[in-house]
Amino acid sequence: MATPHEILKKVFGYDSFRKGQLELIEAIGSGRDAIGVMPTGAGKSLCYQIPAIMAGGLSVVVSPLISLMKDQVDALRENGVSAATINSAMDWEDAAEVFRAARNGKIRLLYVAPERLEGGFGDFLREAAPKLVIVDEAHCVSHWGHDFRPSYLNIAPVMDSLPARPPVAAFTATATPEVRADIIEQLGLRDPFSLTTGFDRENLFFHVERPDDKNAAMMRYVGQFPHASGIIYCSTRKTVEEVCERLRKKGVKAVRYHAGLSDAERARNQEEFIHDRAPVMVATNAFGMGIDKSNVRYVLHYNMPQNLDAYYQEAGRAGRDGLPSDCLLFYGARDVVTAKFFISQSPEDTRAAANKKLRAMIDYCHTSGCLRAFILNYFGEHDVPEKCTACGNCTENTERAEITTEALKILSCVYRMSEASGGKHYGISMLVDVLRGSQRAEVLAPGFDKISTYGLLKDRSAREVREMTDFLIAEGYLQVGGEFPTLSFTPRTMQFFKNPTPLVMRVSESDKAKAERIKKRTREISASASEGLFEELRVLRRAIAAENGVPPYVVFSDKTLAAICETMPEDEDDFLEIPGVGAAKLERYGEAFLAVVREWKHRA
Ligand code: ADP
C-alpha cells in the first residue's frame, strides 16, 4: 500500500508535509478519532484526504457550505481522486446518481451538508459503512463558536447509530480552548488525537497606516499590484459602493459584494473574482466565508474592523497558497465611531465584551511593537518572539533625531490655540491640522489660521507631527485628559520653555523613505504576477479552468506557476518536480504548460 509520502507526491505533487500534517494523517490512519486545529491555509484538507485515499472505500466529509464543498471536490477531481457532493442545489436525479456511485464503491470522498444527516441519509450510511467521517469547520458544532449550526449536533447520534462507528476526525481554524473542548464533547469524539499548531501565518506581512486621505492611499496601494487578486474590506455597504466606484473610474476592474445586493449579483461578482476576471473585490464582511481562492495577494482593510478575530480571519484570506502576501489596515479615528455604533446596535448583554475587543483592535492600530506578536498574544499564544521580520513595525527603519525646535513649535501651538479660544483645549488631530496649516472649516472657524503657530510644521507629514506629539505626551511634556481627549500643559512644559534642553527621539523614517520601502516590497509580492512568462501561464491556466468549469487556482496555484517560471521545466520529469504537480495533472496539463515554457525560451 502507498505511504502518506507517496500519496503526497503522486496525487498532490508535494514533496514534504507541513507542520502537524503527518501526525494527524498517521493518527487518523490508525483508526483513532482526531481533532486538528490549524490556521487557514495550513493545509487541513490533506490531513484527512490522504487517510481517506489510503483507507479505500467511502469517506464522508461534513462541510457547512456548498461553495466549500464544490471547491474541494473540484480540486480532488483535478488531482484524479474520485469525489462528489450531495447538496440542496442538486436535482433529485443527480443526487441519486451520486448515491449509486457511492454504493458501488466509485467515490472515495463524499461531501455533504450537515442538514443531510437529519433525513434518510443515515440509512444510506448504515448500508455504505464509511471508513472515515470528517467534520470540516467543526467549530460550527459549538455554541461558543461564531458560526453555530444546529445540524452539526446530529453528527454524534448518527455516528453512534452505525453498526460499526467509523473514526471521526474534526478540523477547525478556531483557536479558543472552550471551542476545542466543546467540539470533542458535542461530536462525541473518543479519546481523540488532538493537535493544535501555532496560528502564525509566516507568509503574511502585516501593517497599519493612518493615511490623511484614504482614497489616495488606496489608489497608490492597489496600483502596486496591477495583475494580482486583492480584497478590500469596508465596514459599510455605502463605503463599498463608493470605493468600488472610485476604483472603476480609475480603470481598475473591481466588483462589489454586500448584503444589500441581489443574490444573482453577489453570485456573479464572486464568480468574476474567483475566476480571476476581476482582480479586486470590494466587500463588507459578508464576503469571504467559504472562499477558498488561494491566490489572493493582498487584503486591504479600508476601515478598521470591530475586533481582531474578524480582522485576522479576513486578512487571513490572503496568501493561502503560501506565497508572500500583504495585509494592510487603514486606521482612521472615524472607524472607531462606526465600530461603536455597530456595537450599540447589538444585544445589550454582548456590548461589554464587544467593547473590550474593540479596545484591543484599536491598540493593535496604535502599538509600536510587533504586530504579529500582538495578534498571536491576543489569540493566547505567548511564547512568540517580540520581533518578527514581516510586519510594518518590525521592519520600519528608525533613527534618532533631535526634535527640540519642533517640540517648541508644537507646545507653543497648544498654548496659542488655547489663548485664541478663551482657554479651550483641543485634541491631537486639531493640533496637527493647525500646525500643518489645514484649510478645514473646523480650523478656520475659530480663527486658528490667524495665530502665529499656524502652518509652522507644514513641511512635515501628519504622521510625523503626530508621532512627535505622542512622544511629548509619553515624556510628560503634555497631558491628555477631559471627556474628549484634549491636550494641556504639565509642570514639565513650563520648565522646558524656560530651559529647552535638547530632546531626542527615535523617529520613523520619512514618509518618502517609507513609501519607497513599501513599494519595493509590494513589487516583490507582485513580481511573479507581472512577469511575462507568469502572465502567459496565467492565460493558459484561465483557459483550461474555463473549459473545465473550475476556478483557475484549482488547476494550478500561483505557487506552482511561480515555480514553473523559476525552474523552466524542459520535459515531463522536470514538470513532475514542480510543487503541486501530481500524476493526474502531469498527464492532463503537462504538455500544454511545457509548450508555453518552450515557446517562451525560444523567443527569449
Ligand atoms: P486549510 O483548509 O487549512 O485552510 P488547505 O487545505 O486549503 O488549507 O491548504 C492550503 C493550500 O496549501 C492548498 O493550496 C494546498 O494544496 C497547499 N498545501 C497543503 N499541504 C501542503 C504541503 N504539504 N506542501 C505544499 N502545499 C501544501
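We're numbering straight along the sequence, starting at 1. Atoms within each ligand, like the ligands themselves, are counted from 1 in listed order.
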Is T40 in contact with ligand 1, taking contact as a heavy-atom separation below 4.0 Å? yes
Would you indicate which of Y553, Y14, Y48 comes nearest to atom 15 (C) of ligand 1 when only heavy atoms are counted? Y14
Would you check the N or O atoms of L46, main chain and side chain alike, for any that come under 3.5 Å of an N or O of ligand 1? no
Counting heavy atoms only, which of Q72, Q49, K44, R18 comes nearest to atom 3 (O) of ligand 1? K44
Can R77 and D74 be counted as an ion pair, charged N to O under 4.0 angstrom? no
Would you kindly specify which portion of Q21 sits under 4.0 Å from ligand 1, judged on non-hydrogen atoms: side chain, backbone, both or neither? side chain
Closer than 3.5 angstrom, by distance alone: can the side chain of K585 be matched with the main-chain N or O of V555 as a donor-acceptor pair? yes
I'd like to know if R320 contacts ligand 1, where contact means a heavy-atom distance under 4.0 Å to any ligand atom. yes
Is ligand 1 under 4.0 Å from a heavy atom in the side chain of A173, in the backbone, in both, or in neither? neither
Is there a side-chain contact between N548 and R588 in this structure, where contact means two heavy atoms from C-beta onward sitting under 4.5 Å apart? yes
For the pair F121 and F124, name the ring-plane relationship: parallel under 30°, tilted 30 to 60°, perpendicular over 60°. tilted
D383 atom CG, over 12 foreign heavy atoms within 6.0 Å: no
Test: K293 and D71 ion pair at under 4.0 Å: no
Measuring to protein heavy atoms, does anything land under 4.0 Å from atom 13 (C) of ligand 1? no
Fit a plane to each ring of F575 and F593, take the angle between them on a 0 to 90° scale, and name the class: parallel (under 30°), tilted (30 to 60°) or perpendicular (over 60°). parallel
For Y298 and Y221, I'd like to know if the aromatic rings sit close, meaning centre-to-centre distance below 6.0 Å. yes
Taking the minimum heavy-atom distance to atom 4 (O) of ligand 1, which of G41, G319, G580 ranks first? G41
Taking atom types as modelled and ignoring hydrogens, do the side chains of Q186 and S142 form a donor-acceptor contact shorter than 3.5 angstrom? no
The atoms of ligand 1 lying under 4.0 Å from a heavy atom of P39, numbered in the order shown, are 3 (O)
Determine the interplanar angle of the Y311 and Y364 rings, folded into 0 to 90°, and report it as parallel if under 30°, tilted if 30 to 60°, perpendicular if over 60°. tilted
Specify side chain, backbone, both or neither for S16, according to which of its non-hydrogen atoms lie closer than 4.0 Å to ligand 1. backbone
Taking only heavy atoms of F17, which atoms of ligand 1 are found under 4.0 Å from at least one of them? 23 (N)
If you have a sec, work out which protein heavy atom is nearest atom 6 (O) of ligand 1 and how many Å separate them, to one decimal? S45 OG, 2.7 Å
re atom 8 (O) of ligand 1, the protein heavy-atom contact at minimum distance is G43 N, 3.2 Å
Looking at ligand 1, does A42 have a heavy atom less than 4.0 Å from it? yes
